[in-house]
Number of protein chains: 2
Amino acid sequence: MMLIRIEPDSEIPIYLQLTHELIELMARGKLKDGDPLPSVRSFAADLGVNMHTVNKAYHELERKQFIQIIPKSGAIVSSISNDMAQFHHERITTALQPVIAEALVIGMSDREIKAVVSSIMKDLRGE
Amino acid sequence: MMLIRIEPDSEIPIYLQLTHELIELMARGKLKDGDPLPSVRSFAADLGVNMHTVNKAYHELERKQFIQIIPKSGAIVSSISNDMAQFHHERITTALQPVIAEALVIGMSDREIKAVVSSIMKDLRGE
DNA sequence: CCATCTGTTCTAATACTATTATAACAGAAA
DNA sequence: TTTCTGTTATAATAGTATTAGAACAGATGG
């Protein structure tokens, strides 16, 4: 049983909420390399969403190389290959840039921004 | 003349690209408190997009309190009121969280993540 | 081997968002 | 008073998100 809650009325699409939640579970170490993910059908039933929505989330995770989908069998969490570091690094930087810019505009100091980042990292690593 | 380039074929909606670009200009100090923004018509003409798309970007910026729209007159960059710090702070944290989680999963160390954040801040503040 | 489970693929419908195009309106500005 | 401004309205198009239902074929386990 996967402890995940979806907000159907969120502005964030369900399949993206799901990818975020699963990545967070990986960050927290609750999903580890090699762990199997639920089948799209059972997971969809648990979450009360459509099979295709879960499938879309899985393919998003596969695109980002966080899981491996074995055709007609299932999906498992996959370790990140080090040689793709550059690929991932660029995505992270691109995603971070507009948020940091916004933080600067609202008047946050470098120290404050780093503190927020540290706080988030601590929360994810802790426990 | 505002030095902004839009990618019409990006996965990111044009109106969001515009908001990001404008916020970045504010972060870089090229748009300062009280500076007027181009009219939605002239800006749209310059960018080669529709008037309504620029208007949507402006209202997105107003919602985030980065500009002030004076009805039937124009829009100006507005300083951030300190008493809204909590409001902004939460948005920043919420936006940052999934990206940090992703960074951790791809194996970035705390030091590396902070380095990327510092690099972005330096780029925005520098020059 | 066989029944079941798996992801895959297809069609289809609905709702919403993004973008563009026109047009008209009323307040602001010069 | 003419021009510029954001505002509002209608409409069309394209794309995305979500759901539904069904069929297919490879994988799995008894």
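Everything quoted here is computed from the prediction, not taken from an experiment. Proteins get letters first, then strands, A, B, ... in listed order; numbering begins at 1 in each.
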Sidechain N-carboxylate O distance under 4.0 Å for B:Glu60, B:Lys56: no
5' precedence on DNA chain D between A:Arg41 and A:Gln17 (nearest-nucleotide basis): A:Gln17
Whole-Å gap separating P (D:dA17) and CD1 (A:Ile6): 14 Å
Worked verdict on B:Glu102 versus A:Arg91 for salt bridge (charged side-chain N to carboxylate O under 4.0 Å, His left out): CA-CA 10 Å; B:Glu102 199 166 319; A:Arg91 259 223 332 282; 2.3 Å; yes
Short side-chain to backbone donor-acceptor contact, B:Gln97 and A:Ile120, under 3.5 Å: no
B:Tyr15 OH to C:dT19 C1', straight-line distance once rounded to whole Å: 12 Å
Whole-Å distance separating the CD1 atom of A:Ile69 from the P atom of C:dC5: 21 Å
Phosphate OP1/OP2 of D:dT19: any A:Thr53 side-chain N/O under 4.0 Å: yes
Side-chain N or O of B:Ser73 closer than 4.0 Å to phosphate OP1/OP2 of C:dA29: yes
OP1 or OP2 of C:dA18 under 4.0 Å from side-chain N/O of B:Lys56: yes
Nearest-nucleotide pick for B:Pro13, side chain only, options being C:dT6, C:dA18, D:dT18: C:dA18
Distance in angstrom units between A:Ile70 CD1 and D:dA27 P, rounded: 11 Å
Length of the CG-C1' vector between A:Leu18 and D:dT19, whole Å: 15 Å
Geometric class of the A:Phe66/A:His88 ring pair [parallel <30°, tilted 30-60°, perpendicular >60°]: parallel
Phosphate contact (D:dG6 OP1 or OP2) by B:His52 side-chain N/O below 4.0 Å: no
Euclidean distance, atom OH of residue B:Tyr58 to atom C1' of D:dG6 [Å, nearest integer]: 11 Å
Below 4.0 Å: OP1/OP2 of C:dT6 and any side-chain N or O of A:Ser39: yes
B:Lys30 with B:Asp35: basic N within carboxylate O range, under 4.0 Å: no
A:Lys72 side chain, from C-beta outward: closest of D:dA27, D:dT19, D:dG6: D:dA27
Distance in angstrom units between A:Asn55 CG and D:dT19 P, rounded: 13 Å
Interatomic distance where CD1 belongs to A:Ile76 and P belongs to D:dT28 [whole Å]: 12 Å
A:Met51 side chain, from C-beta outward: closest of D:dG6, C:dT9, C:dT20: C:dT9
